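The structure displayed is predicted, hence computed values, not measured ones.
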Amino acid sequence: MHDNQEELNEPQLLATRYTEGPLLVLAGAGTGKTKVLTHRIAHIIEQSLAQPYEILAVTFTNKAAKEMQDRITNIIHADGLNIGTFHSIAARMLRTHIASLGKDLTSNFTIINQDDQIRLVKNIALELNIDVKQYPAKMIHIIISKWKDQGLTPDKIGESDFIAPAYRLAKIVYFEYQKQMHASNAVDFGDLLLYCNQLLIHNPDILEHYQNKFKYILVDEYQDTNAVQYVWVRMLASKHKNICCVGDDDQSIYSWRG
């Protein structure tokens, strides 16, 4: 046991040493949730339960991912850890296996920012003679993003998804939006997880490769995961089932996700 584990209290120590099967750590702000995550990774490596490259740790921001990496480095020397945001890890997978995705994209695809996404939505809406004063581009963009977070491609959206008139128009824009994005070899942040899930679902050999590779999966700020992220993590963890999720349901930055 490394000296730093002496900093942990009894429940933290218990979570750190529980290494077989799924684990959910729910605790309030300032209770050392990330500390548990980093010490758990160090413990797994120290006990030779996995090599650093066999561990996947995901969070929501680059800042949080860097902080996690720095904390682990302070505890143990571990080269090759897969630590990053949902989007950065998914982007890496997509660039590696883009040829198997079956879309008109190449590995050097561009990830466009939110301003450019809204601009494209507005241009498409104008081309389709949609009144952008009554149905602003920002509103249509939010609806499309929400559908992507739910794992819905344009062809999967039905009448039950039209909870307001804007949604019917958003579906029409969504079709054209994806078409123009492909033509430009571009994706948005929502596409990264959406396409990564399609890649894994339709290519069992690629899914098996990552399932075998990642013996341990750890998710920080789990309360903020959406449906498409949940499916992604569940697929990757379904072989070894060594998944640890850390979060605080009272701290959700996306309260509408529940």
*Can any side-chain N or O of Glu176 pair as donor or acceptor with the backbone N or O of Ile124 at less than 3.5 Å?*
no
_How close do Val36 and Ala15 get, counting heavy atoms only, and between which atoms?_
CG1-CB, 3.7 Å
*asked:* Any non-hydrogen side-chain atom of Ile111 less than 4.5 Å from a side-chain atom of Leu192?
replied: yes
*Report the C-alpha distance between Leu23 and Arg40 in whole Å, list the side-chain angles of each, state the deciding distance to 0.1 Å, and finish with yes or no for side chain to side chain contact (heavy atoms under 4.5 Å, CB included).*
CA-CA 11 Å; Leu23 174 67; Arg40 193 168 186 273; 3.6 Å; yes
*Which atom of Leu193 lies closest to which atom of Ala90, heavy atoms considered*: CD2-CB, 4.1 Å
_Pairing donors with acceptors under 3.5 angstrom, does anything connect the side chains of Glu10 and Gln12?_
no
Pair up each side-chain donor or acceptor in residues 93-102 with any protein partner under 3.5 Å, not counting sequence neighbours, and list the distances.
unit_1	atom_1	unit_2	atom_2	d
Arg95	NH1	Ser107	O	2.8
Arg95	NH1	Phe109	O	2.9
Arg95	NH2	Phe109	O	3.2
Thr96	OG1	Arg92	O	2.8
His97	NE2	Tyr210	OH	2.8

*Under the salt bridge (charged side-chain N to carboxylate O under 4.0 Å, His left out) test, which residues partner Lys122, sequence neighbours left out?*
none
*Using side-chain hydrogen bond (donor to acceptor under 3.5 Å, both in side chains) as the criterion, list what pairs up with Asn212, not counting sequence neighbours.*
Lys239
*For Glu67, check salt bridge (charged side-chain N to carboxylate O under 4.0 Å, His left out) against everything at least two apart and list the hits.*
Arg71
*Nearest atoms (heavy-atom pairs only) where Ala57 meets Met68*: CB-SD, 3.7 Å
Side chains of residues 128-143: which donor-acceptor pairs under 3.5 Å do they make with residues two or more places apart or in other chains?
unit_1	atom_1	unit_2	atom_2	d
Asp131	OD1	Lys133	N	2.9
Asp131	OD1	Gln134	N	3.4
His141	NE2	Gln117	OE1	2.7

*Evaluate side chain to side chain contact (heavy atoms under 4.5 Å, CB included) for Met181 paired with Ile112, printing each intermediate quantity in order.*
CA-CA 9 Å; Met181 291 281 276; Ile112 67 168; 3.5 Å; yes
*Taking it one step at a time, do Lys241 and Glu20 satisfy side chain to side chain contact (heavy atoms under 4.5 Å, CB included)?*
CA-CA 8 Å; Lys241 296 183 171 61; Glu20 293 305 313; over 6 Å; no
*Lys146 and Asp149: CA distance, side-chain angles, deciding distance, side chain to side chain contact (heavy atoms under 4.5 Å, CB included) verdict*: CA-CA 5 Å; Lys146 185 178 168 187; Asp149 287 346; 5.7 Å; no
*Results of side-chain hydrogen bond (donor to acceptor under 3.5 Å, both in side chains) for Asn197 - residues two or more places apart only*: none
*Which residues satisfy the ring pair (Phe, Tyr, Trp, His ring centres under 6.0 Å) test with Tyr195, sequence neighbours excluded?*
His182
*Only counting residues at least two apart or in another chain, list the ones meeting salt bridge (charged side-chain N to carboxylate O under 4.0 Å, His left out) with Lys213.*
none
_Leu37 to Cys244 - nearest heavy-atom pair and separation_ = CD1-SG, 4.2 Å
*Hey, could you give me the CD1/CD1 distance between Ile201 and Ile206, rounded to the nearest 0.5 Å?*
12.5 Å
*What's the spacing between Ser184 OG and Asp104 CG if we round to 0.5 Å?*
11.5 Å
Could you pull out all donor-acceptor pairs under 3.5 Å where a side-chain atom in residues 162-173 meets a protein atom, sequence neighbours excluded?
unit_1	atom_1	unit_2	atom_2	d
Arg168	NH1	Glu159	OE2	3.2
Arg168	NH2	Glu159	OE1	3.1
Lys171	NZ	Ile157	O	2.8

_Rounded at 0.5 Å granularity, tell me how far CD in Glu221 sits from CG in Asp248._
8.0 Å
*How about Glu208: does its CD atom have over 12 heavy atoms from other parts shown lying under 6.0 Å from it?*
no
*Do Gln47 and Thr19 have side-chain N/O donor and acceptor atoms under 3.5 Å apart?*
no
*Calculate, to the nearest 0.5 Å, the distance between atoms CD and CG belonging to Glu54 and Leu49 respectively.*
10.5 Å
*For Leu81 and Gln69, work out which heavy atoms get closest and say how close.*
CD1-NE2, 4.2 Å
*Quick one: list whatever passes side-chain hydrogen bond (donor to acceptor under 3.5 Å, both in side chains) with Tyr18, sequence neighbours left out.*
none
*Side chains of Tyr177 and Asp188, donor plus acceptor under 3.5 Å*: yes
*asked:* Distance alone, cut at 3.5 Å: any donor-acceptor contact between the side chains of Gln178 and Asp191?
replied: yes
*Could you state the interatomic distance from CG (Leu8) to NE2 (His43), rounded to the nearest 0.5 Å?*
11.0 Å
*asked:* If I take atom CG from residue Leu199 and atom CE from residue Met235, how far apart are they, to the nearest 0.5 angstrom?
replied: 9.0 Å
*Are any non-hydrogen side-chain atoms of Asn9 and Pro11 less than 4.5 angstrom apart?*
yes
*Applying ring-ring contact (aromatic ring centres under 6.0 Å, His included), which residue pairs with at least one partner in residues 68-93 are found, sequence neighbours left out?*
Phe60-Phe86, Phe86-Trp232, His87-Phe189
*asked:* If you define the side chain from C-beta out and look only at heavy atoms, does anything of Leu152 sit under 4.5 Å from Asp161?
replied: yes
*Minimum heavy-atom distance between Pro52 and Asp79, given as atom pair plus value*: CB-O, 3.1 Å
*Could you pull out all residues at least two apart from Asp116 that satisfy salt bridge (charged side-chain N to carboxylate O under 4.0 Å, His left out)?*
Arg119
